[in-house]
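Worksheet: the structure to be examined is printed underneath.
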There are 2 protein chains.
Amino acid sequence: MTCNIIMQKPANINLSEYLSAKGLRSTSQRDAILKLFMAAGRHLSAEELHERVRKAHTGISYATVYRTLKLLSEAGLAKENRFDDGFTRYEYNSADDHHDHLICTRCGEISEFENDKIEALQLDVAKKKGFKVRNHKLEIYGLCSKCQRKQGE
Amino acid sequence: MTCNIIMQKPANINLSEYLSAKGLRSTSQRDAILKLFMAAGRHLSAEELHERVRKAHTGISYATVYRTLKLLSEAGLAKENRFDDGFTRYEYNSADDHHDHLICTRCGEISEFENDKIEALQLDVAKKKGFKVRNHKLEIYGLCSKCQRKQGE
DNA sequence: GATGATATTGCAAGTCATTTGCAACAAGCA
DNA sequence: TGCTTGTTGCAAATGACTTGCAATATCATC
């Protein structure tokens with residue numbers, strides 16, 4: 001059901017290219033953060049990432065995690081998502097992969113979907129209003145199947 | 001197909017009914033805030049509302065505006081929207097009126113739309129994942145027609 | 001209308017995620 | 001190896017929003 005026929009290309013830029021193009025420096029902290037960020041799967045908050053980073057690589061500060069996450073976003077390697085739970089979650093941004101989110105308000109599980117029809121309809125709506133779309137965001141909040149079952153207990 | 005997305009209770013309630021039902025009190029501050037909130041049109045931030053309220057009715061504090069806005073939300077008279085600009089905007093919640101938003105990232109204009117097809121597709125997606133929808137949020141960011149023209153200047 | 005229990009207010013101080021100033025430190029070119 | 005300048009960790013600052021508290025106002029009851 002979820003099999004993706006087209007292989008997802010990784011984000012086209014890699015970090016060290018981006019850094020040197022901008023005259024920035026490569027550091028052990030940045031490497032460690034990127035590595036754990038990519039390994040972690042999606043939708044990590046800065047706090048969660050910091051936790052993991054600190055375990056593997058003592059002494060990396062909160063500030064550095066935030067700064068690096070911002071850097072990764074600018075480089076196109078990460079994408080920021082501000083859901084309704086009050087803090088920003090980051091996901092690794094593979095090129096051209098746009099998707100939207102289903103968010104379980106009970107357990108916090110976030111799953112993804114893609115729907116071309118919805119995208120097309122959005123463009124129609126925007127066009128009718130003379131609006132030029134740059135970005136969009138669709139979030140569906142509710143209960144995942146697990147939590148529906150638990151709810152009955 | 002019926003849209004069983006439950007958004008919020010219809011706002012057929014008026015404030016004084018809600019207050020007395022809950023054992024709460026009606027105050028001149030609450031009246032003033034509600035009046036200006038309703039008169040103001042949509043998508044006001046707490047700050048904007050406070051500004052207006054203060055002009056008409058000196059001495060109403062920020063805290064009271066926030067508290068009243070929260071009260072109105074609980075009463076179903078207001079709806080909170082957290083867009084990507086970092087702060088919450090409130091709109092008057094007329095019963096059963098669900099809509100989504102087009103947001104101009106240049107001038108901040110917010111316009112609304114409704115699209116039943118998109119809503120239906122969302123329910124499909126959710127259904128396929130065994131997800132029970134409680135709420136959803138669709139925001140399209142870009143440039144309104146005015147700002148596209150200005151962009152060229 | 002006066003009384004009194006308690007909801008509400010304004011103010012200032014507190015949250016909480018995120019950002020920033022700064023001095024110590026490190027990368028990487030010369 | 002030296003030196004310029006980007007980076008880091010720390011602590012303090014931000015900024016939207018919330019809350020504690022003492023003063024005040026509401027409203028059911030007398």
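Here is how names work: the chains are called A, B, and so on, in the same order as the sequence lines, proteins then strands, and each is numbered from 1.
- Within a 6.0 Å sphere centred on CD of E47(B), other residues, nucleotides and ligands contribute 12 heavy atoms or fewer.
- The CG atom of L69(A) sits 11 Å away from the C1' atom of dT18(C) (whole-angstrom rounding).
- DNA chain D is contacted by both R30(A) and A46(B); R30(A) maps to the nucleotide lying nearer its 5′ end (nearest heavy atom per residue).
- Between the C1' atom of dT19(C) and the CD atom of E80(A) lies a distance of 13 Å, rounded to the nearest Å.
- Residue-environment remark: NZ (K137(B)) exceeds the threshold of 12 foreign heavy atoms within 6.0 Å.
- Under a 3.5 Å cut-off, the side chain of T68(A) and the backbone N or O of T64(A) do form a donor-acceptor pair.
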Check the interface with nucleotides 28-30 of chain C: list each N/O to N/O pair with the protein under 3.5 Å, or write none.
none

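- Ring-plane geometry between H43(A) and F83(A) is classed as tilted, the angle between the planes lying from 30 to 60 degrees on a 0 to 90 degree scale.
- V133(B) approaches A126(B) most closely through the heavy-atom pair CG2-CB, 3.4 Å.
- OP1 or OP2 of dA26(C) has not a single side-chain nitrogen or oxygen of Q29(A) nearer than 4.0 Å.
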- Message: Does E91(B) form a side-chain contact (heavy atoms from CB on, under 4.5 Å) with E112(B)? I'd like the steps, not just the answer.
- Response: CA-CA 11 Å; E91(B) 56 182 317; E112(B) 299 169 358; 3.6 Å; yes
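- Residue K79(A) qualifies as enclosed at atom NZ: its count of foreign heavy atoms under 6.0 Å is above 12.
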Could you pull out the protein-nucleic contacts involving nucleotides 12-17 of chain C (nitrogen or oxygen on both sides, under 3.5 Å)?
none

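- Shown here for A40(B) and R52(B), the closest heavy-atom pair between the two residues is CB-NH1, 3.3 Å.
- With a heavy-atom cut-off of 4.0 Å to chain B, the contacted part of DNA chain D has its first and last nucleotide at dA16(D) to dC27(D).
- For the pair E80(A) and R89(A), the salt-bridge criterion is not met [side-chain N within less than 4.0 Å of a carboxylate O].
- Two residues, L19(A) and R82(B), neighbour DNA chain D, and the one matched to the more 5' nucleotide by heavy-atom proximity is L19(A).
- Between the side chains of H136(A) and Q122(A), a donor-acceptor pair is found at a separation under 3.5 Å.
- Between I60(B) and R67(A), the residue anchored nearer the 5' end of DNA chain C, judged by the nucleotide with its closest heavy atom, is I60(B).
- In terms of heavy-atom proximity, F131(B) sits nearest to C104(A) at CZ-N, 3.7 Å.
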